[in-house]
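See below for the structure under consideration.
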Amino acid sequence: MSTLIEAHPTVDPINYDDILNIVNHVRSQVTLTEEPKIGIICGSGLGDLAELLTERQVIPFTNIPGFPPTNVIGHKGNLVFGNLMGKFIVCLQGRFHPYEHNMNLALCAMPVRMMKEFGVRTLIISNAAGGVNSAFKWGDLMLIKDQLFLPGLAGFSPLVGINDPRMGPRFVSMHDAYDLSLRQLAHTVAHEQGIVLHQGIYVMSGGPQYESPAEVCMFKTVGADALGMSTCHEVTVARQCGIRVLGFSLITNIANQEADTAVEVSHEEVLVAAKEASERACKFVSGIVEKL
Ligand SMILES: O=P(O)(O)O[C@@H]1C[C@H](O)[C@@H](CO)O1
């Protein structure tokens, strides 16, 4: 199976040497005096966090070979190194959504493999999601306890294809995907900051269409709490390469379950809600980084 990237026909996201070459190319554009032990993937609403870093070194995705363009409004498209709460970190300001890139999940998760090479041991990942759990309100935060990775279950795992053992094991356990001790830490921070922090199961669909009411009901029946179109491919790769993960969703809309009283959801609504939750989410993540 070829996973070569159309725009960069010499880069293969499942080729370990290609990943190393890209990492070295990035290294040549920055001055790294230490390894970033913490990585952050900023989903919708968390992008401003990358602006809070001090001594920032910013590399636009367009300067990174093998990186496709990010087309989703609300995602800036920068790799940012810098300090947050006294810790040196690397931040992905924007991400690749599989629906933008022909469901090439290995490509979309490639930044996680790069983070591992930079030295990342802990990854904080966020997303915008539609709430299914009836206790959730617009603007709430939900810690991800577990995931339903629909593209992965359907054969679109980022781990499909030849597995170079330098990437990690062929078969990866997802039983402890969202680290328990990190979740406990997140609850402590939320409590200190007076933030509502639910916990639940995140579903990743292929998108880009939002779910129909019948699909929302189906997901609710199987235990879903929040619905989105990202994150699970990144978490899967992180677990393969031994990075521990903390994930959370900004609940930007309430997923409608009744066709007769249809409630439209739009990307604009998602962005407005994500922007509203941004300050709270940035403070939450900063509080977690401080305690890591
Ligand atoms: O990167 P995220 O997951 O925050 O992106 C949001 C959620 C959906 O993927 C997409 C459509 O609203 O944008």
Side-chain angles (χ1 to χ4, degrees), residues 39-50 61 67-80 91-105 107-112 115 123-132 136 138-144 147-152 156 158 178 200-212 215-216 219 224-238 245-256 263-278 280-282 284-285:
I40 301 180
I41 298 181
C42 302
S44 309
L46 196 67
D48 286 352
L49 186 86
F61 286 176
F67 269 32
T70 55
N71 303 313
V72 178
I73 298 169
H75 288 267
K76 273 203 172 154
N78 290 320
L79 186 68
V80 184
C91 227
L92 206 62
Q93 195 179 30
R95 62 148 58 90
F96 305 123
H97 300 85
Y99 59 76
E100 298 175 83
H101 303 294
N102 298 322
M103 297 308 284
N104 186 340
L105 276 82
L107 167 65
C108 293
M110 191 168 70
V112 177
M115 282 183 173
L123 181 61
I124 301 176
I125 300 192
S126 84
N127 58 57
V132 179
F136 292 3
W138 198 85
D140 283 353
L141 267 57
M142 184 196 87
L143 204 53
I144 305 177
Q147 67 182 32
L148 283 166
F149 180 17
L150 296 189
F156 287 91
Y178 296 90
I201 293 174
Y202 173 82
V203 176
M204 175 187 177
S205 302
Q209 75 285 352
Y210 292 106
E211 299 76 14
S212 70
E215 288 162 351
V216 174
F219 288 133
D225 296 292
L227 311 178
M229 307 176 196
S230 68
T231 303
C232 297
H233 55 302
E234 297 153 343
V235 174
T236 302
V237 163
V245 176
L246 177 86
F248 72 96
S249 299
L250 303 182
I251 303 301
T252 50
N253 56 290
I254 301 302
N256 177 39
V263 183
E264 290 289 322
V265 54
S266 66
H267 189 57
E268 289 66 38
E269 175 190 0
V270 167
L271 289 182
V272 168
K275 193 169 170 38
E276 188 276 334
S278 170
R280 202 162 53 255
C282 290
F284 173 60
V285 172

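Just so you know, ligand 1 is whichever comes first in the structure, and atom 1 is the first atom listed for that ligand. The residues of the chain are indexed from 1 along the displayed sequence.
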> Does the side chain of Met115 come within less than 4.5 Å of Ile41's, by heavy atoms?
Replying inline: yes
>> Can you report which non-hydrogen protein atom sits closest to atom 7 (C) of ligand 1, along with the distance?
In response: Ala128 O, 3.6 Å
> For the side chain of Gln93 and the backbone of Asn78, is there at least one donor-acceptor N/O pair under 3.5 Å apart?
Replying inline: no
> Does Tyr202, backbone or side chain, put an N or O under 3.5 Å from an N or O of ligand 1?
Replying inline: no
> Among all protein non-hydrogen atoms, which one is nearest to atom 3 (O) of ligand 1, and what is the separation to 0.1 Å?
Replying inline: Ser230 OG, 2.6 Å
>> Among His267, Met229, Glu234, Met204, which one puts a heavy atom closest to atom 13 (O) of ligand 1?
In response: His267
> Gly43 heavy atoms, cut-off 4.0 Å: which ligand 1 atoms fall inside?
Replying inline: 4 (O)
> Nearest to atom 6 (C) of ligand 1, what protein heavy atom do you find, and at what distance?
Replying inline: Ser44 OG, 3.3 Å
> Say you draw a straight line from CD of Glu215 to CG of Asn256; how long is it, rounded to the nearest 0.5 Å?
Replying inline: 12.0 Å
> Do Leu92 and Ile40 have side-chain heavy atoms sitting under 4.5 Å apart?
Replying inline: no
>> List ligand 1 atoms under 4.0 Å from Arg95, heavy atoms only on the residue side.
In response: 1 (O), 2 (P), 3 (O), 4 (O)
>> Which of the numbered atoms in ligand 1 are under 4.0 angstrom from any heavy atom belonging to Tyr99?
In response: 9 (O), 10 (C)
> Taking heavy atoms and a distance under 4.0 Å, where does Asn127 meet ligand 1: side chain, backbone, both or neither?
Replying inline: both
> Would Ser230 and Asn127 count as having a side-chain donor-acceptor pair, cut-off 3.5 Å?
Replying inline: no
>> Quiz question: by atom type and distance under 3.5 Å, do the side chains of Gln147 and Tyr178 form a donor-acceptor pair?
In response: yes
> Which ligand 1 atoms are under 4.0 Å away from a heavy-atom of Tyr210?
Replying inline: 11 (C), 12 (O)
> What orientation do Phe61 and Phe96 show, parallel under 30°, tilted 30 to 60°, or perpendicular over 60°?
Replying inline: tilted
